[in-house]
Amino acid sequence: QDLLVSTSFGPGSADNTSLASEVYDGVVCSLVINNIATVNETKGVFREANRLLKSGGKFIISLPHPLTLSYRTNNRWTEWKPGQSQHTLQPGEAFIRKILTAKGTMLEITNNFWHPDMLAEYAKETGLIPGVKVEMLANEEQIQTHSLHKLYRSVPFFLVMSFIKP
């Protein structure tokens, strides 16, 4: 309940939060980077995280794994435009993900492509040091609970990266 009393909301964006500088131990950006279409704005997210963090603070990002887009399951696939493939995508280029929910609803999600190496480079440009990179696999409980395809055991569909402010 104390959290609700001390929480406030205001206008801002991932690259301009208007929060205080150098006071946070951590900044989390979950499923955001993959929705940003420009190099400048993506670099801005890293600049903003660096501004917000105390020395030694961590910036954590998560996104659908950009290097497993060609894998197809019964309920998740990429719908490529003519001439487009995982290997031809440019930084920030949009592509369509189709997801069939357990209730049979088809979701169509536009994502933007960011190679992990590009993200690490953007972090370095803003003064952050790349840390741990985790390619997430589903465990048996997650596969059963969420009716996931068995491919989720061996193909990392999500990526988590950490960066540290020196």
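The structure displayed is predicted, hence computed values, not measured ones.
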Asks: Go through the side-chain N and O atoms of S13 and D15 and say whether any donor and acceptor fall under 3.5 Å apart.
Replies: yes
Asks: Quiz question: by atom type and distance under 3.5 Å, do the side chains of R51 and Y24 form a donor-acceptor pair?
Replies: no
Asks: Any chain of hydrophobic side-chain contacts (each under 4.5 Å) joining L52 to V32?
Replies: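 Yes, L52 connects to V32 through the hydrophobic network.
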Asks: Quick one: do R153 and E140 make a salt bridge, cutoff under 4.0 Å?
Replies: yes
Asks: Where does the angle between the aromatic ring planes of F59 and F163 fall among parallel (under 30°), tilted (30 to 60°) and perpendicular (over 60°)?
Replies: tilted
Asks: Under a 4.0 Å N-O cut-off, is there an ion pair linking K54 with D25?
Replies: yes
Asks: So, the side chain of K58 versus the backbone of G26: is there a donor-acceptor pair under 3.5 Å, distance only?
Replies: no
Asks: Looking only at heavy atoms, which two atoms of G127 and N50 are closest? And how far apart?
Replies: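 Here G127 and N50 meet closest at CA-ND2, 4.2 Å.
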Asks: What is the minimum heavy-atom distance between S62 and S30, and which atoms define it?
Replies: OG-OG, 2.9 Å
Asks: Quick check on the hydrophobic clustering: are V23 and V27 connected, directly or via other members, by side-chain heavy-atom contacts under 4.5 Å?
Replies: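 Yes.
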Asks: Can you tell me how far apart CD (E48) and CG (L53) are? Round to the nearest 0.5 Å.
Replies: 10.0 Å
Asks: Less than 4.5 Å apart, any side-chain heavy atom of T110 and any of F95?
Replies: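 They are not in contact (no side-chain heavy atoms under 4.5 Å apart), so the answer is no.
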Asks: Applying the 4.5 Å side-chain criterion to the ILVMFWY set and letting contacts propagate, would F158 and V132 be lumped into a single cluster?
Replies: yes
Asks: Assigning hydrophobic clusters by single linkage (Ile, Leu, Val, Met, Phe, Trp, Tyr; side-chain heavy-atom cutoff under 4.5 Å), is M136 placed with L151?
Replies: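 Hydrophobic grouping puts M136 with L151.
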Asks: Please round to the nearest 0.5 Å and tell me the distance separating atom OG1 of T78 and atom CD1 of I109.
Replies: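 Rounded to the nearest 0.5 Å, the OG1-CD1 separation comes to 10.5 Å.
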Asks: Could you go through the salt bridge (Lys or Arg N to Asp or Glu O under 4.0 Å) check for K165 and E22 one step at a time?
Replies: CA-CA 10 Å; K165 180 171 183 169; E22 299 184 0; 3.5 Å; yes
Asks: Where the side chain of W114 meets the backbone of I33, is there a donor-acceptor pair that is under 3.5 Å apart?
Replies: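 Side chain of W114 to backbone of I33: a pair is present.
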Asks: Where the side chain of T42 meets the backbone of T38, is there a donor-acceptor pair that is under 3.5 Å apart?
Replies: yes
Asks: Do L31 and Y152 belong to the same hydrophobic cluster, where Ile, Leu, Val, Met, Phe, Trp and Tyr are linked whenever their side-chain heavy atoms lie under 4.5 Å apart, directly or via other members?
Replies: yes
Asks: Compile the donor-acceptor pairs under 3.5 Å between side chains in residues 79-88 and protein atoms, sequence neighbours left out, one pair per line.
Replies:
from, atom 1, to, atom 2, distance (Å)
E79, OE1, K98, NZ, 3.3
Q84, OE1, K81, N, 3.0
Q84, NE2, E93, OE2, 2.8
Q84, NE2, A94, O, 2.9
S85, OG, H87, N, 3.2
Q86, OE1, L69, N, 2.7
Q86, OE1, S70, N, 2.9
Q86, OE1, S70, OG, 3.3
Q86, NE2, L67, O, 2.7
T88, OG1, S85, N, 2.9
T88, OG1, S85, O, 3.1

Asks: Rounded at 0.5 Å granularity, tell me how far CG in N34 sits from NE2 in H65.
Replies: 12.5 Å
Asks: Begin with the C-alpha distance, continue with both residues' side-chain angles, and end with the deciding distance and a verdict on side chain to side chain contact (heavy atoms under 4.5 Å, CB included) for N111 and N35.
Replies: CA-CA 5 Å; N111 277 189; N35 292 298; 3.8 Å; yes
Asks: Working note: I61 + V160, criterion side chain to side chain contact (heavy atoms under 4.5 Å, CB included); need CA distance, chi angles, decisive distance, verdict.
Replies: CA-CA 6 Å; I61 64 171; V160 177; over 6 Å; no
Asks: Donor-acceptor pair, distance only, cut-off 3.5 Å: does the side chain of Q144 make one with the backbone of E141?
Replies: no
Asks: Please round to the nearest 0.5 Å and tell me the distance separating atom CG of L63 and atom CG of L159.
Replies: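 So the CG of L63 and the CG of L159 are separated by 5.0 Å.
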Asks: Kindly give the heavy-atom pair with the smallest separation between P91 and V39, and that separation in Å.
Replies: CB-CG2, 4.1 Å
Asks: Report the C-alpha separation of V45 and Y122 in whole Å, then their side-chain angles, then the decisive distance to 0.1 Å, and conclude whether the side chain to side chain contact (heavy atoms under 4.5 Å, CB included) test is met.
Replies: CA-CA 9 Å; V45 173; Y122 298 163; over 6 Å; no
Asks: Kindly compute the distance separating CE (M161) from CG (L128), expressed to the nearest 0.5 Å.
Replies: 11.5 Å
Asks: Could you check F157 against T73 for side chain to side chain contact (heavy atoms under 4.5 Å, CB included), going step by step and ending with a plain yes or no?
Replies: CA-CA 11 Å; F157 283 96; T73 68; 4.1 Å; yes
Asks: Are more than 12 heavy atoms from other residues, nucleotides or ligands located less than 6.0 Å from atom OH of Y71?
Replies: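 Incorrect, the count does not exceed 12.
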Asks: With no hydrogens and no angle check, do the side chains of T126 and R47 hold a donor and an acceptor under 3.5 Å apart?
Replies: no
Asks: In Å, rounded to the nearest 0.5 Å, how long is the span from CD of E41 to CG of N112?
Replies: 9.5 Å
